[in-house]
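Single-structure report; data block below.
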Amino acid sequence: MRKNCLLLRIGELALKGKNKRDFEHQLMDNIKNKCKNMTGISVLKTEGRIFVEFDDQDLLDPVIEELKTVFGLVGFAPALRVPSDVEMLEETALELVRQQVPEVKTFKVASKRVDKRFPVRSQELNHRLGGYLLQHYPGLKVDVHQPDLIVHVEIRGKHSYVYGNDIPGIGGLPVGSSGRVLLLLSGGIDSPVAGYLALKRGVELQAIHFHSYPYTSERAKQKVLDLAKQLTTYGNHIRIHVVPFTEIQTEINKHCFESYSITVMRRIMLRIAERIAQSQNALALVTGESLGQVASQTLESMNTINEVTHMPILRPVIGMDKHDIMEISRRIGTYETSILPYEDCCTVFLPKAPKTKPDLHVAKKQEAKLDLERLIDEAVIGTEVIEISNEKEREFSYF
């Protein structure tokens, strides 16, 4: 008879054509992983729908909270699964309305006859169920444009599903369906937001952080690990590569023009990031750059800095202003961590007057003063790799 379940809607995945099945399988795996510590949960897929079924009503709210962080879902709703019988549908629709009166004043019925063998057509079923509800609640009114409650009915063969208004999902594509990327993760506001938006497009996320101890403290490093941990809410697990960057910055400050120090530093960061990305089979780099926000994020700076790599660089927040980025940061829970007063390597060595329109030839001449190959090799070899998930944090040597 009836079972407690959640009906899930998958949005743009339905438009994926021949690749649709791969996206759906990845989404199913992600949902199962979210619910793996809950007993009595089953995840089922039918044409255009995914269902999470459970017998314990106490699991409803915990499952909903987990689903709110799953990319690929545009909405979901608690549903009642019943036999495909008109009288049973009437009683179930009535039960749904009963749970929400007196808050609900207006309603409409929206039926979907997936199984065309069902003898009552959708429009006729809408009228019949609507009339039945009005008989029992004559104070209700039908509003087909902006109702307080939509009573959804889906006829799917032997069983049908009755449910109310959608709980919004976060949309996007299932994490893991779009390849692997490497996020340049600082301790600021922008890069965690960029990581979140990259995850929303289905990537598997790894991160790289440049740590200049003792100029930057262990608390600054922990702040970055905490940000990565918060991103695992959406990406399950993140491997973060912590690069020792002290000697490189010391050499830059000793030998290069102060106004070009940020440009040279960023060029070296991209070289190291590319090396590590290639070792991890990552297909692109991701940064939190917003056009014109700071000296290294002008178009002239980006062109000079990007010259060292042919790897694609994704910039999810490139067109956002600071207010937009901060709003997302607050929504995803990284803002309070990002504003903790522990400086990263970019802010500690910030020059008084950084070059906003650096010349490529001058930047190359400045780099020529450094033993680049040695510095980069030693930084890559000395990289600390930490695996972070919702459940644990693990360090290991990779190189």
Side-chain angles (χ1 to χ4, degrees), residues 1-15 24 27-28 31 41-55 57 59-61 63-64 67 72-169 171:
M1 293 293 287
R2 300 185 184 183
K3 294 193 70 174
N4 295 318
C5 67
L6 282 160
L7 183 147
L8 282 50
R9 293 195 299 109
I10 59 178
E12 68 178 288
L13 267 64
L15 306 176
E24 289 181 341
L27 178 57
M28 292 277 289
I31 294 169
I41 297 286
S42 58
V43 183
L44 310 171
K45 183 173 75 70
T46 63
E47 180 92 19
R49 287 285 185 268
I50 295 176
F51 297 93
V52 179
E53 296 189 344
F54 45 89
D55 292 321
Q57 184 66 30
L59 289 175
L60 177 61
D61 289 338
V63 172
I64 287 175
L67 293 179
L73 298 177
V74 297
F76 42 89
L80 291 170
R81 177 183 172 184
V82 298
S84 295
D85 172 81
V86 174
E87 291 184 357
M88 181 63 73
L89 292 173
E90 289 175 339
E91 290 300 319
T92 306
L94 183 62
E95 180 179 337
L96 177 67
V97 172
R98 184 181 296 122
Q99 294 170 355
Q100 303 194 50
V101 169
E103 289 80 8
V104 166
K105 306 296 183 184
T106 61
F107 78 99
K108 79 171 183 178
V109 180
S111 300
K112 184 176 181 180
R113 195 171 56 126
V114 180
D115 181 3
K116 303 304 181 185
R117 296 170 299 178
F118 190 72
V120 183
R121 292 181 177 273
S122 298
Q123 196 63 29
E124 181 184 349
L125 187 59
N126 289 344
H127 292 156
R128 180 162 176 175
L129 294 179
Y132 187 81
L133 295 174
L134 290 172
Q135 287 178 14
H136 289 79
Y137 289 98
L140 287 178
K141 293 183 179 180
V142 174
D143 183 345
V144 297
H145 300 294
Q146 291 184 314
D148 297 332
L149 172 66
I150 302 177
V151 179
H152 295 273
V153 178
E154 292 194 10
I155 311 298
R156 293 182 170 271
K158 182 179 178 181
H159 293 102
S160 295
Y161 295 84
V162 180
Y163 59 100
N165 295 336
D166 260 2
I167 300 168

> Do the non-hydrogen side-chain atoms of Leu27 and Leu73 ever get within less than 4.5 Å of each other?
Replying inline: yes
> Is there a side-chain contact between Leu44 and Ile50, using heavy atoms and a 4.5 Å cut-off?
Replying inline: no
>> Restricting to non-hydrogen atoms, name the atom on Leu149 and the atom on Gly164 that form the minimum distance, rounded to 0.1 Å.
In response: CD1-CA, 3.9 Å
>> How close do Ile167 and Pro78 get, counting heavy atoms only, and between which atoms?
In response: CD1-CD, 4.2 Å
> Of all heavy-atom pairs between Phe118 and Asp85, which one has the smallest distance, and what is that distance?
Replying inline: CE1-N, 4.5 Å
> Between CG of Leu80 and SG of Cys5, what distance do you get to the nearest 0.5 Å?
Replying inline: 7.0 Å
>> Looking at Glu154 and Arg113, is there a salt bridge between them, counting it only when a charged N and a carboxylate O are closer than 4.0 Å?
In response: no
If you look only at distance, which donor and acceptor atoms sit under 3.5 Å apart when one is on a side chain in residues 98-106 and the other is two or more places apart or in another chain?
| from | atom 1 | to | atom 2 | distance (Å) |
| --- | --- | --- | --- | --- |
| Lys105 | NZ | Pro102 | O | 3.2 |
| Thr106 | OG1 | Asp148 | N | 2.9 |
| Thr106 | OG1 | Asp148 | OD2 | 3.4 |

> Hey, is the main chain of His159 close enough, under 3.5 Å, to the side chain of Ser84 for a donor-acceptor pair?
Replying inline: yes
> Does a side-chain N-to-carboxylate-O contact under 4.0 Å join Asp166 and Arg9?
Replying inline: yes
> Atom NE2 of His152 and atom CG of Asn165: how far apart are they, to the nearest 0.5 Å?
Replying inline: 6.0 Å
> What closest approach, in Å, do Leu7 and Ala79 show between heavy atoms, and which atom pair accounts for it?
Replying inline: CB-CB, 4.3 Å
> Picking from Glu90, His127, Glu91, what satisfies side-chain hydrogen bond (donor to acceptor under 3.5 Å, both in side chains) with Tyr132?
Replying inline: Glu91
> Could you go step by step and tell me if Lys108 and His145 meet the side-chain contact (heavy atoms from CB on, under 4.5 Å) rule?
Replying inline: CA-CA 9 Å; Lys108 79 171 183 178; His145 300 294; over 6 Å; no
> What distance separates Leu60 CG from Phe54 CZ, expressed to the nearest 0.5 Å?
Replying inline: 4.5 Å
> Can you tell me how far the NZ atom of Lys45 sits from the CD atom of Glu24, to the nearest 0.5 Å?
Replying inline: 4.5 Å
>> If you take the centroid of each ring, where Trp contributes its six-membered ring, are Tyr161 and Phe51 closer together than 6.0 Å?
In response: yes
> Taking all non-hydrogen atoms of both residues, which atom of Ser160 and which atom of Ile155 are closest, and how far apart?
Replying inline: OG-CD1, 3.3 Å
> Passes side-chain contact (heavy atoms from CB on, under 4.5 Å), Phe76 versus Val52? Steps please.
Replying inline: CA-CA 10 Å; Phe76 42 89; Val52 179; over 6 Å; no
> Considering only heavy atoms from C-beta outward, does the side chain of Arg49 approach that of Arg156 to under 4.5 Å?
Replying inline: yes
> Can you name the salt bridge (Lys or Arg N to Asp or Glu O under 4.0 Å) partners of Asp115, sequence neighbours left out?
Replying inline: Arg117
>> How long is the straight-line distance from CG of Leu6 back to CD1 of Ile31, given to the nearest 0.5 Å?
In response: 10.0 Å
> Which atom pair, heavy atoms only, marks the closest approach of Ala93 to Val151?
Replying inline: CB-CG1, 4.0 Å
>> Between Val74 and Leu8, is the side-chain contact (heavy atoms from CB on, under 4.5 Å) condition met? List the steps.
In response: CA-CA 8 Å; Val74 297; Leu8 282 50; over 6 Å; no
>> Rounded to the nearest 0.5 Å, what separates atom CG in Asp143 from atom CZ in Phe107?
In response: 10.5 Å
> Side chains of Val153 and Thr92: does their closest heavy-atom pair fall under 4.5 Å?
Replying inline: no
> Would you say Leu133 and Val109 make side-chain contact, with heavy atoms under 4.5 Å?
Replying inline: yes
